[in-house]
Enquirer: 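Before I ask anything, here is the structure I am working with.
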Amino acid sequence: MPTERAAYDPHAVQDRWLPVWDRLDLYRAGRREGAPKKYVLDMFPYPSGDLHMGHAEAYGLCDVLARYWMRRGFDVLHPIGWDSFGLPAENAAIKRDEHPATYTYANVETQAESFRRYAISFDWTRRLHTSDPDYYRWTQWLFLRFRERGLAYRKSSAVNWCPNDQTVLANEQVVQGACERCGAQVTKRELTQWFFKVTDYADRLLDDMESLRDTWPQRVLTMQRNWIGRSQGAHVGFRVRLGGAGREDDSRDITVFTTRPDTLYGATFFVVAADAPLALELCAPDRREALEAYRDEVSTLSDIDRQSTDRPKTGVDLGVTALNPVTGEQIPVYAADYVLADYGTGAIMAVPAHDQRDLDFARAFGLPVRVVVDTGQPDPADTGIATAGDGVLVNSGPYDGLRKDEAIERIVADLEARGGGRGAINYRLRDWLLSRQRFWGTPIPIVHCPACGEVAVPDDQLPVRLPDLRGAALKPAGTSPLGAAEDWVATTCPSCGGPATRDTDTMDTFVDSSWYYLRYCSPDYEDGPFDPAAVREWMPVAQYVGGVEHAILHLLYSRFFMKVLHDMGMVDPVEPFAALMNQGQVINQGKSMSKSLGNGVDLGAELSAYGVDAVRLTVVFAGPPEDDIDWADVSPAGSVKYLARVARLAEDVAALPGSSRDLAVDRAVARAVDEVTRATEAQRLNVAVARLMELTNALRRGVDAGAPAAASLRDGAEALAVMLGCWAPYTAEEAWSRLGHDVDAGDSVHDTTWPTADPALLVQESVTCVVQVQGKVRERLEVAPDIGEDDLRARALASEGVVKALAGREVRTVVVRAPKLVNVVPV
RNA sequence: GCCCCCGUAGCCCAACCGGCAGCAGGCACGGGCCUCAAAAUCCCGACAGUGUGGGUUCGAAUCCCACCGGGGGCACCA
């Protein structure tokens, strides 16, 4: 509450400077001819309602970095746009009986205005929306290029289906068997779907992470590594003798993937995925009925049940046998649901002694357990605990006595020589299912022709625009809403000119966001998705900022896109984001904010109570950027007080008469500049704020001391205003103005250069040297910073405190770390 | 179950390559100045020995080992 005294009113300050900044156009990238360049990017927002506390933190942090690099003389690209396709807008449109664009663009405008008031240093001229035809035209264009390279294809497969949203989901959108979005239990459906062949890039996605080792958060790299899940092993061929009526002499060669070829002698049975077609093909006629029943049972299981590891093992004996290629034994073949149809070959050799899952199955079905690697641990057949560790081979014919690693090498080599198998690598990563049976997304630019089949829409006919559907027409009905727009669906084949139909699926919104950072480089470019010259200038993104919730999806897909574009010769770098920062969450009272808990903190309310700068300062000062902020632990009121102190200080400094200097003040300012700079460079933004506060306190003391130091204090206050401008842009501008700068005439604190510290002022004239005796402080000496070791040792030994502490004892060692420390160790 | 990260005052957090734990900073708290009184401002102040137990070292918040507590990731991927 402002009082009648000249209190600091953050709202008045905001209202005063915001229009001036708009006029000065301070943040347009490319303003400074010949300046070095830096691309600073926040993950773009989805337009749902207004901005919230999470945005305040993420964009606040990123803005500090962007402004810092501007002050350091870089030409900074700091753009903004919206990830404006997606399900929520479609659901809102159904509810309100309107077009999704209405809801979407209204929210975009709300957020844009909030960003402007929040004083983020965006270059607004590069604004984009992924739902604009000008944008999705190029999403479609890229899709077609991917398809030409065999990286976008259609196949029929069992896909994740959300019965609530009536759409398929990517594996990444299924969390614990439930729809990531609505929480409904996901089921399986057999559908023909579009995929990106991200698996072709698995190795590079993995290996190129090496270059990100020091600039991306460790845990993000780990999550990606786990997600890709490369495992080294071997493919081994097993001959399955089909047997049964009419197929006595039939056999089929089935390949399995194993990471433990050394345990081949311990393979006592064979399992195929129950839901794979292979199970039906191998099944003996008299077991057919049992298998069908089992398959029905499995298909009704939810993914949650199916994935729980403590579930008892189930399966069906298929009534056929497989030949173990090294032992010559005929081993029984089962179908079971613990083997996955879409990993490896969908079939395994089961080694119960050395694999827990196989052991559980063997015990349930009374199958033999044969130890072939002696690990020194008790027999799994007795304990029920498989031994997966290192050991020496036994019961393995010519390989007995070899260590595990040697055995793997030898057995694989022998299999290769005999044609029975070969070394192989498998990935957990699956191809990216990109088609969605929803309306508000990028239409897939494909035409289906009865004569020509699948035909690409020619580039010059892009974009394939969405038809004008709204309200109830968008209701999920198990098929794409686009199919209801009959006029739109009916088209002519670009190839033969005959009647044909459009593909009625739209793309996953992750496709849109996989290349938006490139579009920012040249948002109006019309001859391609981006201008290669502009991309050369700005890419890669020097600093990307966003939540860890995108650790896998968005970041992996973007990395994939970048590599494909590199292979197409369109971009030079292979990684889009040179550095990544994961900001923490804003929580409240130890819990994440939610409506049901009633502990939400409303950004708008905080801004009206404390002002923009106080909220910005609070989120950055609360702790390290990657830590969560508990709003109950922080104090925007404290930030207001600090900012008011800065504004008052500027006024008081401006009123000081004379132009005298004071070395102590100059040193304090130099030290503060040096420390703020180092902390900001290291992205320890909370520490940098503490140093700014320290400087503020020092300047306050200087003013109150009444010493003749006007020029020094003035320089210090200016440095403070410039630096603080990155954290609290309004207050810094106010202080700058109070210091006598004519902001309206263009002399803005946001168009200045970061202060530098004179190295001569950083050298201290004397240092306090701590003298310890046996690690305990016994004396302090004021010494020159460049004092020699011998000199210091002599002074320390002669000092009163040391002589007293030694009490006549012999000195054994003296550790000297000039000029700061001496440790005397007596006998 | 496996892997990773983190434990410093009442609270949020500092402490460079191992070298005085806080004149890093803030919140909250107590006191003072000012005031008829209060608010605001300004000034001053107390509070921890670094989760626990070992080890390395002249010296450990920092390095190593074990345990405890918290957070996160993966979890039938052969």
Side-chain angles (χ1 to χ4, degrees), chain A residues 1-8 176 217-223 225-227 229-231 233 256-260 263 267 271 273 306-311 313 336-340 342-351 354-358 360-361 426-430 548 551-552 617-618 621-624 626-630 632-639 641-642 644-645 648 675 678-679 682 684 686-698 700-701 704 768-780 812-817 820-826:
Chain A
M1 287 305 114
T3 66
E4 68 274 54
R5 296 266 295 280
Y8 175 76
Q176 301 244 315
Q218 247 348 283
R219 61 175 177 156
V220 173
L221 297 175
T222 304
M223 284 162 77
R225 206 170 286 125
N226 287 343
W227 190 261
R230 173 156 63 188
S231 44
V256 302
F257 175 72
T258 178
T259 54
R260 294 292 304 276
T263 62
V271 188
R306 189 155 174 193
Q307 280 170 12
S308 88
T309 47
D310 49 3
R311 198 167 54 94
K313 292 281 180 288
D337 65 356
Y338 83 93
V339 172
L340 306 176
D342 58 352
Y343 181 81
T345 62
I348 62 156
M349 64 178 212
V351 185
H354 306 298
D355 182 288
Q356 191 61 47
R357 298 155 300 184
D358 296 343
D360 293 343
F361 190 88
N426 235 298
Y427 304 89
R428 306 172 50 141
L429 183 71
R430 313 291 206 267
V548 72
I552 299 171
L617 192 69
T618 302
F621 181 51
E626 57 279 5
D627 283 11
D628 286 352
I629 299 170
D630 193 328
D633 290 336
V634 298
S635 170
S639 299
K641 281 202 286 192
Y642 169 70
R645 216 149 56 222
R648 269 199 315 276
E675 287 179 346
R678 286 214 309 256
R684 295 151 43 81
N686 56 321
V687 177
V689 172
R691 300 293 176 239
L692 289 171
M693 290 174 167
E694 210 177 341
L695 173 60
T696 308
N697 293 343
R700 182 81 247 167
R701 279 194 297 273
D704 292 347
T768 305
C769 177
V770 174
V771 185
Q772 304 174 329
V773 176
Q774 230 167 352
K776 288 205 172 67
V777 181
R778 298 299 186 190
E779 184 74 68
R780 281 161 213 274
R812 186 162 62 119
T813 330
V814 182
V815 180
V816 182
R817 291 284 178 271
K820 289 176 70 179
L821 180 128
V822 176
N823 190 11
V824 181
V825 187

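The figures that follow rest on heavy atoms only: side chains count, while hydrogens, waters and symmetry mates do not. Computed from a predicted model, the values in this text were never measured in an experiment.
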Enquirer: Using the salt bridge (charged side-chain N to carboxylate O under 4.0 Å, His left out) criterion, which residues pair with R678(A)? Sequence neighbours excluded.
Expert: D674(A)

Enquirer: Rounded to whole angstroms, how far apart are CG on D355(A) and C1' on G1(B)?
Expert: 14 Å

Enquirer: Any strand is fair game: report the nucleotide pairing with G7(B) by Watson-Crick or G-U wobble, both distances under 3.5 Å, or none.
Expert: C68(B)

Enquirer: Tell me the interatomic distance from R219(A), atom CZ, to C6(B), atom C1', rounded to whole angstroms.
Expert: 11 Å

Enquirer: Could you work out the separation of A9(B) and A14(B) based on their P atoms and round it to a whole Å?
Expert: 13 Å

Enquirer: On a whole-Å scale, what distance lies between the C1' atoms belonging to G70(B) and C29(B)?
Expert: 27 Å

Enquirer: Please name the nucleotide paired to A24(B) by Watson-Crick or G-U wobble geometry with both distances under 3.5 Å, or report none.
Expert: none

Enquirer: Sequence neighbours left out, what passes salt bridge (charged side-chain N to carboxylate O under 4.0 Å, His left out) with D627(A)? Give chain and number order.
Expert: none

Enquirer: Give the rounded distance in Å between these two atoms: CZ of R230(A) and C1' of A78(B).
Expert: 18 Å

Enquirer: Residues two or more places apart in sequence or in another chain: which of them pass side-chain contact (heavy atoms from CB on, under 4.5 Å) with A690(A)?
Expert: F621(A)

Enquirer: Tell me, please, which residues at least two apart from T813(A) pass side-chain contact (heavy atoms from CB on, under 4.5 Å).
Expert: V825(A)

Enquirer: 5'-most contact on RNA chain B: G344(A) or N226(A), nearest heavy atom basis?
Expert: N226(A)

Enquirer: Give me the atom names and distance for the closest heavy-atom approach of S231(A) to F257(A).
Expert: O-CZ, 3.4 Å

Enquirer: Could you tell me how far G30(B) sits from G71(B) if I compare only their P atoms? Round to whole Å.
Expert: 33 Å

Enquirer: The criterion is side-chain contact (heavy atoms from CB on, under 4.5 Å); which residues satisfy it with A622(A), sequence neighbours excluded?
Expert: I629(A), V634(A)

Enquirer: Expressed as a whole number of Å, how far does the C1' atom of C42(B) sit from that of U57(B)?
Expert: 48 Å

Enquirer: Would you say E675(A) and V687(A) make side-chain contact, with heavy atoms under 4.5 Å?
Expert: no

Enquirer: Is G49(B) in the syn or the anti form, by the rule that syn lies within 90° of 0?
Expert: syn

Enquirer: Using whole Å, report how far CG of D630(A) lies from P of G70(B).
Expert: 17 Å

Enquirer: When the P atoms of U62(B) and U50(B) are considered, how many whole Å apart are they?
Expert: 9 Å

Enquirer: Quick one: are K641(A) and Y8(A) in side-chain contact, heavy atoms under 4.5 Å?
Expert: no

Enquirer: C74(B) pairs with which nucleotide, Watson-Crick or G-U wobble, both distances below 3.5 Å?
Expert: G1(B)

Enquirer: Is NZ or CZ of K313(A) both nearer than 6.0 Å to the six-membered ring centre of F361(A) and within 45° of the ring axis?
Expert: no

Enquirer: Does OP1 or OP2 of A78(B) have a side-chain N or O of Y343(A) closer than 4.0 Å?
Expert: yes

Enquirer: Along nucleotides 12-17 of chain B, 5' to 3', which nucleotides get a B, which get an S, and which get a -, given that the test is a protein heavy-atom distance under 4.0 Å?
Expert: SSSS--

Enquirer: Base, sugar-phosphate, or nothing for G638(A), non-hydrogen atoms under 4.0 angstrom?
Expert: sugar-phosphate

Enquirer: Tell me every residue that passes ring pair (Phe, Tyr, Trp, His ring centres under 6.0 Å) with Y427(A), counting only those two or more places apart in sequence or in another chain.
Expert: none

Enquirer: So, using salt bridge (charged side-chain N to carboxylate O under 4.0 Å, His left out) as the criterion, who are the partners of R428(A) when residues are at least two apart?
Expert: none

Enquirer: Test of understanding: with side chain to side chain donor-acceptor pair (under 3.5 Å), list the residues that count as partners of T618(A), not counting sequence neighbours.
Expert: S639(A)

Enquirer: Strictly by Watson-Crick or wobble contacts shorter than 3.5 Å, is anything paired with A37(B), and which nucleotide is it?
Expert: none

Enquirer: From the list G73(B), A24(B), C76(B), which nucleotide is the closest neighbour of the side chain of M223(A)?
Expert: G73(B)

Enquirer: Please tell me if S231(A) has a side-chain N or O lying less than 4.0 Å from either OP1 or OP2 of A78(B).
Expert: yes

Enquirer: Once each nucleotide of nucleotides 56-61 of chain B is scored for protein heavy atoms under 4.0 Å, what B/S/- sequence comes out, 5' to 3'?
Expert: --B---

Enquirer: Please check the phosphate of A75(B) (OP1 and OP2 only) for any side-chain N or O of R428(A) closer than 4.0 Å.
Expert: yes

Enquirer: Taking atom P in both C11(B) and C74(B), compute the distance separating them and give it to the nearest angstrom.
Expert: 32 Å

Enquirer: Has D358(A) got a side-chain atom pairing as donor or acceptor with V351(A)'s backbone, closer than 3.5 angstrom?
Expert: yes

Enquirer: Please report the distance separating the C1' of C13(B) from the corresponding atom of G25(B), rounded so that it comes out in whole Å.
Expert: 8 Å

Enquirer: To the nearest Å, give me how far apart NZ (K313(A)) and P (C76(B)) are.
Expert: 9 Å

Enquirer: In whole Å, measure the gap between the P atoms of G1(B) and C76(B) for me.
Expert: 16 Å

Enquirer: Whom does C63(B) pair with, Watson-Crick or G-U wobble, provided both distances fall under 3.5 Å?
Expert: G55(B)

Enquirer: With sequence neighbours excluded, what pairs up with T258(A) under the side-chain contact (heavy atoms from CB on, under 4.5 Å) test?
Expert: V236(A), R260(A), P261(A), M349(A)

Enquirer: Measure all distances between protein nitrogen or oxygen atoms and nitrogen or oxygen atoms of nucleotides 42-45 of chain B, and list the pairs falling under 3.5 Å.
Expert:
{"unit_1": "C42(B)", "atom_1": "OP1", "unit_2": "R648(A)", "atom_2": "NH2", "d": "2.9"}

Enquirer: Is T222(A) touching bases, backbone alone, or none of the nucleic acid, heavy atoms closer than 4.0 Å?
Expert: nothing

Enquirer: Taking syn as within 90° of 0 and anti otherwise, name the glycosidic form of C17(B).
Expert: syn

Enquirer: Taking CD1 from I552(A) and C1' from G72(B), how many angstroms apart are they, rounded to a whole number?
Expert: 12 Å

